[in-house]
Amino acid sequence: MRYEPASPTGHLHVRQEHGHTVLELRGEIDIASAAEIAPRLEREAGRPGARVVLDLSGVEFFDCSGLRLLYRARRQVLDHGGQVHLVCTHPLTLRMLRITGLARLLPPRATLDEVLGLTRPAGRRTGH
């Protein structure tokens, strides 16, 4: 696992894990923090063939500015032939994703380990 410095605001932390670039958003994601996060997010999402995980586990507040960040990152990753995944369990954020339809485009997973294939998806365990 390789860690890189967080953005000056502390709202974004980027690291490499199991061949994926994990973009961990933290704290309150609103119009001000989104403007500071966007350049770094775009740089990471614009790499050809990138395997990106957008991890919202550390997010406390998320508004429409955050939705725009996710949508743009998804579009950019796909436009460059990459893969993108979302980790999110916060009930209000999940509700926003469902209401806006973004959950269909970017289905949320419960954990980073689930995205990386280190655990089975919740609700699909066999009990063996």
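A side chain to side chain contact (heavy atoms under 4.5 Å, CB included) with Pro108 holds for exactly one of Leu56, Leu86, Leu54, Leu102; it is Leu86.
Residue Ile31 places its CD1 atom among 12 or fewer non-hydrogen atoms of other residues, nucleotides or ligands, all under 6.0 Å distant.
Both Val22 and Leu118 belong to a common hydrophobic cluster when Ile, Leu, Val, Met, Phe, Trp and Tyr are linked at side-chain heavy-atom distances under 4.5 angstrom. Ile37 and Met96 end up in the same hydrophobic cluster when Ile, Leu, Val, Met, Phe, Trp and Tyr side chains are linked at under 4.5 Å.
Thr21 and Gln16 are linked by a side-chain donor-acceptor pair at a separation below 3.5 angstrom, with hydrogens and angles left out of the test. Donor-acceptor pairing under 3.5 Å is lacking for the side chains of Thr111 and Asp113.
Residues Arg98 and Leu94 are in side-chain contact: their nearest non-hydrogen atoms beyond the backbone lie under 4.5 Å apart. Between Leu41 and Leu69 the shortest side-chain heavy-atom distance falls below 4.5 Å. Inter-residue side-chain proximity for Val87 and Ser57 is flagged as met; some heavy-atom pair is nearer than 4.5 Å. Residues Phe62 and Leu67 form a side-chain contact, since some pair of their non-hydrogen atoms from C-beta on lies under 4.5 Å apart. Considering only heavy atoms from C-beta on, Arg74 comes within 4.5 Å of Leu105 through its side chain. Residues Asp55 and Leu25 form no side-chain contact, since every pair of their non-hydrogen atoms from C-beta on lies 4.5 Å or further apart.
Using a cut-off of 4.0 Å between Lys/Arg side-chain N and Asp/Glu carboxylate O, Glu24 and Arg26 are scored as salt-bridged.
Arg51 and His20 get closest at one heavy-atom pair: NH2-CE1, 2.8 Å. Here the shortest heavy-atom pairing between Ala45 and Ala73 reads CB-O, 3.9 Å. Closest of all the heavy-atom pairs between Glu44 and Val52 is O-CG2, 4.4 Å.
We find the CG-OG distance between Asp63 and Ser33 to be 7.5 Å, quoted to the nearest 0.5 Å.
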